[in-house]
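Whatever order the structure lists ligands and atoms in, that order sets their numbers, starting from 1.
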Amino acid sequence: MTAIANPAPVQSAIEPHARAQFPLLQPTIGMPMLDLRSLASRQGCYAYDPGLGETGICRSSITYVDGERRILLYRGYPIDALVENCSFLEVAWLLTNGELPDAGQLAGFTRDITRHTMLNEQIHAIFRGFRRDAHPMAVMCGVVGALAAFYHDGLDIFDRRHRLVASHRLIAKMPTIAAMAYKYSLGQPFVYPRNDLGYAENLLAMLFSVPCEAFRLAPAAAKALEALLIIQADHEQNASTTAMRLVGSTRANPYACTAAAIAALWRPLHGGANEAVIETLKAIGTVERIPEMLRRAKDRTDPFRLMGFGHRVYKSYDPRAKVLRPLCQEIMASLGRSDDPLLRLALELERIALEDEYFIKRKLYPNVDFYSGLIFRALGLPASMFTPIFAVARTAGWLAHWNEMIADPETRICRPRQLYQGPAERPLVAIADRQPCPPLVG
Ligand code: ACO
């Protein structure tokens, strides 16, 4: 932490009984929350909570996570039951609409989604403006943001029907955009969507088929991808969903909000961890080097961390990783990749870390990205494409939250406070009389 020139004195102005003065909001399940909306007017202070770890920013009925009890529910349904019984599109419908669709609704939704899978041909020109070696997440941020230029005029975000069409467009076009980003990086022709295929199947076809030969779809690959999409579809108020809500709270265009969410998802502390897991495993290299690398991960002076371990909310085994672990082994076996040295290394690393005092004490368990990276790799994707596929899945959750937020009468522009610790008001010094500015610290 950087030293603060004039740290503000700590004051204990609030009486112990202060809590009783604020209403307690009761959730369906989980911990209640103090309603602090009148905090400043009643107590003359604000709440300080960097990272918002203790603060609820909205009411939501979409997803419930209990980090201690390893629970993840979408609209009340456990994640493992959804993976076992539902398609990704059923889950996407569930997230936005609150209930699972019946057969007629699912058929209608599937029709709507397949009608929107193609991109305006002008967008191809936008792709061609990127450097060939640009990271696909950078390309996705740019292209999804650019959709706002195509779908803006006439879009009324307070009209539920307009919101639904925008949501369907995004869910439909994200696989096409992710696959095009991949094809562009390879220098291969873009592959148009195939509306005769399922959602995951179509994504695989756009990623891996080439015009000069017939494409053979591996059912095991489609099954694994469908499961990954469901598992990654939502996770309540995570960083990227919060970005979606924050930008959306200004009434921004939903395509621009989604571009912001993609940016938030990108890097290793959030969705980019799946890419970083593979880098970590490669850096470890062999089973023999695990103890040495664990020592480094535990050393506070060493920036090396075990990517794919730890979570802000889960302080026990991530329920998503629990579903993905056997799936990972199953897909590796059916695709003939069981002998992948990274899989063996990952299983051994998990075993050793889970017995290590440091990880036990801090409740650091494998998270969703620990296994999703290995599955993406087994599907034949390079590490740079892991997070784009995650973004395809999470789009369903982002849009469910955006819809919920816009319809919520309590929504206000998201505008947090700060604990100001800069200089108090002071007179301006003429340039000739100024001292050289000291270098910035940190
Ligand atoms: N390797 C080594 N030590 C770790 C790790 C790790 N992966 N994760 C946390 N720790 C240690 C911290 O150094 C800290 O130790 P200390 O108490 O001695 O200071 C303690 O565990 C608590 O960690 P924080 O960083 O304070 O926890 P926070 O909730 O802020 O961070 C996070 C959670 C960002 C996920 C963190 O665990 C991490 O960096 N993990 C690796 C990246 C990763 O896998 N991210 C994906 C998350 S899942 C998702 O977003 C889809």
Side-chain angles (χ1 to χ4, degrees), residues 1 49-55 63 65-68 70 72 74 79 137 227-244 261-284 289-325 346 349-350 352-376 383 386-398 401:
M1 206 177 118
D49 181 18
L52 299 178
E54 307 278 322
T55 302
T63 292
V65 176
D66 184 329
E68 295 292 339
R70 310 179 195 181
L72 170 57
Y74 292 169
I79 191 66
M137 282 299 275
L228 269 180
L229 294 174
I230 293 171
I231 281 178
Q232 298 185 327
D234 195 38
H235 209 238
E236 49 119 313
Q237 310 310 321
N238 55 85
S240 55
T241 302
T242 302
M244 182 88 187
I262 292 172
L265 186 74
W266 183 355
R267 297 300 291 156
L269 294 194
H270 189 16
N274 48 23
E275 187 177 343
V277 166
I278 299 299
E279 298 313 317
T280 298
L281 291 173
K282 283 183 180 162
I284 296 173
R289 289 193 65 214
I290 292 176
E292 174 201 335
M293 298 306 264
L294 272 188
R295 261 194 307 280
R296 284 192 54 194
K298 295 187 281 187
D299 180 353
R300 281 177 146 208
T301 61
D302 189 325
F304 179 77
R305 270 195 171 192
L306 273 196
M307 289 300 162
F309 276 81
H311 196 275
R312 172 61 62 83
V313 178
Y314 293 121
K315 301 303 172 197
S316 63
Y317 210 98
D318 183 334
R320 301 167 298 173
K322 194 168 149 247
V323 176
L324 285 184
R325 193 180 195 275
L349 175 64
E350 181 189 1
I352 297 176
L354 290 182
E355 289 172 359
D356 189 286
E357 184 58 27
Y358 173 96
F359 285 81
I360 295 170
K361 194 168 152 221
R362 288 167 182 76
K363 300 184 177 177
L364 300 170
Y365 293 83
N367 58 46
V368 65
D369 291 318
F370 191 69
Y371 283 106
S372 65
L374 288 165
I375 298 179
F376 282 134
F386 298 175
T387 323
I389 307 298
F390 189 167
V392 171
R394 189 53 62 88
T395 298
W398 292 332
H401 284 270

### Task
Please report the shortest heavy-atom distance between Ala243 and Ala264, naming the atom on each side.
CB-CB, 3.8 Å
### Message
Under 4.0 Å from atom 3 (N) of ligand 1, can you find at least one protein heavy atom?
### Response
yes
### For atom 41 (C) of ligand 1, the protein heavy atom that lies nearest, with its residue and separation
Phe309 O, 3.4 Å
### Query
Does a side-chain heavy-atom distance below 4.5 Å link Ile389 with Asn274?
no
## Note on the structure
Separation between CZ (Arg289) and CZ (Arg295), nearest 0.5 Å, reads 10.5 Å
### Query
More than 12 heavy atoms of other residues, nucleotides or ligands under 6.0 Å from CD of Glu279: is that the case?
yes
### Query
Polar-atom distance check: Arg300 versus ligand 1, any N or O pair below 3.5 Å?
yes
#### Entry: Atom indices of ligand 1, in the order listed, that fall short of 4.0 Å to a heavy atom of Leu269
39 (O), 45 (N), 46 (C), 47 (C), 50 (O)
### Message
Has Asp299 got a side-chain atom pairing as donor or acceptor with Ala297's backbone, closer than 3.5 angstrom?
### Response
no
### Message
Under a 4.0 angstrom heavy-atom cut-off, which atoms of ligand 1 come close to Ala273?
### Response
43 (C), 44 (O), 45 (N), 46 (C)
### Message
Before you tell me yes or no, could you show the steps for Trp398 and Ser240 under side-chain contact (heavy atoms from CB on, under 4.5 Å), namely the whole-Å CA-CA distance, both residues' side-chain angles and the distance that decides it to 0.1 Å?
### Response
CA-CA 8 Å; Trp398 292 332; Ser240 55; 3.0 Å; yes
### Query
In terms of residue, atom name and distance, what is the protein heavy atom nearest to atom 51 (C) of ligand 1?
Asp369 OD2, 3.4 Å
### Message
Below 4.0 angstrom, counting only protein heavy atoms, does anything approach atom 10 (N) of ligand 1?
### Response
yes
### Task
Find out whether Ile284 and Leu306 are in side-chain contact, i.e. whether some heavy atom of one side chain is under 4.5 Å from a heavy atom of the other.
yes
### Message
I want to know if ligand 1 touches Tyr358 in the polar sense, i.e. an N/O pair below 3.5 angstrom.
### Response
yes
### Query
Is the closest N or O pair between Leu364 and ligand 1 shorter than 3.5 Å?
no
### Query
At a 4.0 Å threshold, what atoms of ligand 1 neighbour a non-hydrogen atom of Gly308?
43 (C), 44 (O)
### Task
Using protein heavy atoms only, decide if any is under 4.0 Å from atom 49 (C) of ligand 1.
yes
## Note on the structure
Per-atom filter on ligand 1: closer than 4.0 angstrom to a heavy atom of Pro268 are 42 (C), 43 (C), 45 (N)
### Task
Among all protein heavy atoms, pick the one closest to atom 35 (C) of ligand 1 and tell me residue, atom and distance.
Gly310 O, 3.7 Å
### Task
Specify whether His235 and Tyr314 have parallel, tilted or perpendicular ring planes, treating 30° as the upper limit for parallel and 60° as the lower limit for perpendicular.
tilted
### Summary
heavy-atom search around atom 47 (C) of ligand 1 in the protein gives Asn367 ND2, 3.6 Å
#### Entry: Option whose closest heavy atom lies nearest to atom 17 (O) of ligand 1, chosen from Lys298, Met307, Arg362
Arg362
### Query
Is there a donor in the side chain of Tyr317 and an acceptor in the side chain of Arg70, or the other way round, less than 3.5 Å apart?
no
### Message
Working to the nearest 0.5 angstrom, can you tell me the gap between Leu52 CG and Thr242 OG1?
### Response
7.5 Å
## Note on the structure
Closest heavy-atom approach to atom 30 (O) of ligand 1 among Arg267, Arg312, Arg305, His235 is made by Arg312
### Query
Would you say Asp369 and Met307 make side-chain contact, with heavy atoms under 4.5 Å?
no
#### Entry: Test of proximity, Leu306 against ligand 1: N or O pairs below 3.5 Å
yes
